[in-house]
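Report on the following structure.
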Amino acid sequence: MQQFWTIPGYEHVDDSNMGPTVVGASAMLQIVFWMGVLEFWTNKGNVTMETMFSDKSRVPGELGFDPMGLAKNKSPEDMEAMQLKELKNGRLAMLAIGGMIHHNWVTGEALF
């Protein structure tokens with residue numbers, strides 16, 4: 001959608017790799033800060049590599065967030081299948097964004 005409209009107050013850039021430079025460091029640091037707060041909160045203060053997985057009941061990726069109730073009344077087999085689908089979706093998304101970023105680096109042109 002960025003090729004059709006721009007948020008008022010920001011300049012348009014064709015190269016999506018240059019998008020963070022348009023909003024500036026303060027906006028990017030806010031994202032990093034608040035994700036750090038969320039990580040600290042969900043891990044009960046255990047954010048170093050030595051203490052991150054000290055709680056044996058903690059399952060990576062399981063934050064107990066299910067507002068739509070998609071996990072209700074699911075068998076363990078159904079939950080395992082849903083988790084596998086989510087892993088595959090995340091991996092595909094990482095490959096896609098990597099391809100989009102590298103397209104801009106290699107060609108120097110906008111993606112769309």
Side-chain angles (χ1 to χ4, degrees):
M1 291 300 297
Q2 69 270 13
Q3 66 268 29
F4 300 118
W5 59 275
T6 302
I7 297 174
Y10 294 110
E11 66 181 72
H12 174 76
V13 290
D14 286 329
D15 186 353
S16 59
N17 291 333
M18 299 305 294
T21 64
V22 173
V23 297
S26 62
M28 301 307 288
L29 289 174
Q30 286 179 35
I31 294 170
V32 171
F33 174 76
W34 288 110
M35 288 301 102
V37 168
L38 181 64
E39 187 75 21
F40 187 84
W41 176 56
T42 58
N43 268 344
K44 300 177 185 68
N46 297 323
V47 292
T48 64
M49 292 301 289
E50 291 82 22
T51 62
M52 188 176 286
F53 297 107
S54 61
D55 183 8
K56 300 298 181 198
S57 65
R58 180 178 182 268
V59 178
E62 179 58 53
L63 301 177
F65 181 73
D66 188 20
M68 295 175 56
L70 297 175
K72 285 185 180 177
N73 303 324
K74 297 279 186 193
S75 68
E77 293 82 18
D78 290 342
M79 284 301 296
E80 189 174 324
M82 287 178 65
Q83 289 170 345
L84 181 61
K85 290 176 187 176
E86 184 64 25
L87 273 174
K88 289 181 177 182
N89 181 35
R91 290 173 180 160
L92 182 60
M94 287 187 282
L95 285 172
I97 193 66
M100 294 167 77
I101 290 169
H102 283 82
H103 172 273
N104 285 353
W105 283 345
V106 172
T107 66
E109 299 175 359
L111 183 61
F112 297 108

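Computation of the quantities below employed the complete heavy-atom set of this structure, encompassing side-chain atoms and omitting hydrogens, waters and symmetry-equivalent molecules.
Here CD of Gln83 is found 5.0 Å from CE of Met79. Values are rounded to the nearest 0.5 Å. Residue Leu95 holds its CG atom at 13.0 Å from CE of Met100, rounded to the nearest 0.5 Å. Between the NZ atom of Lys44 and the OG1 atom of Thr51 there is a distance of 12.5 Å, given to the nearest 0.5 Å. Distance check: Leu70 CG to Asp78 CG gives 12.5 Å after rounding to the nearest 0.5 Å. Taking CG from Leu92 and CG from Leu87, the interatomic distance works out to 12.5 Å, rounded to the nearest 0.5 Å.
Nearest heavy atom pair, residue Asn17 against residue Ile101, reads ND2-O, 3.4 Å. Between Met82 and Lys74, the shortest heavy-atom contact is SD-CE, 3.8 Å.
A 6.0 Å sphere centred on CE of Met18 holds no more than 12 heavy atoms belonging to other residues, nucleotides or ligands.
Phe40 is not listed as a side-chain neighbour of Val37, based on a closest heavy-atom distance of 4.5 Å or more. Between Val32 and Met28, every side-chain heavy-atom pair lies at or beyond the 4.5 Å cut-off.
One hydrophobic cluster, built from ILVMFWY side chains closer than 4.5 Å, cannot hold both Val47 and Leu38; they sit in different ones.
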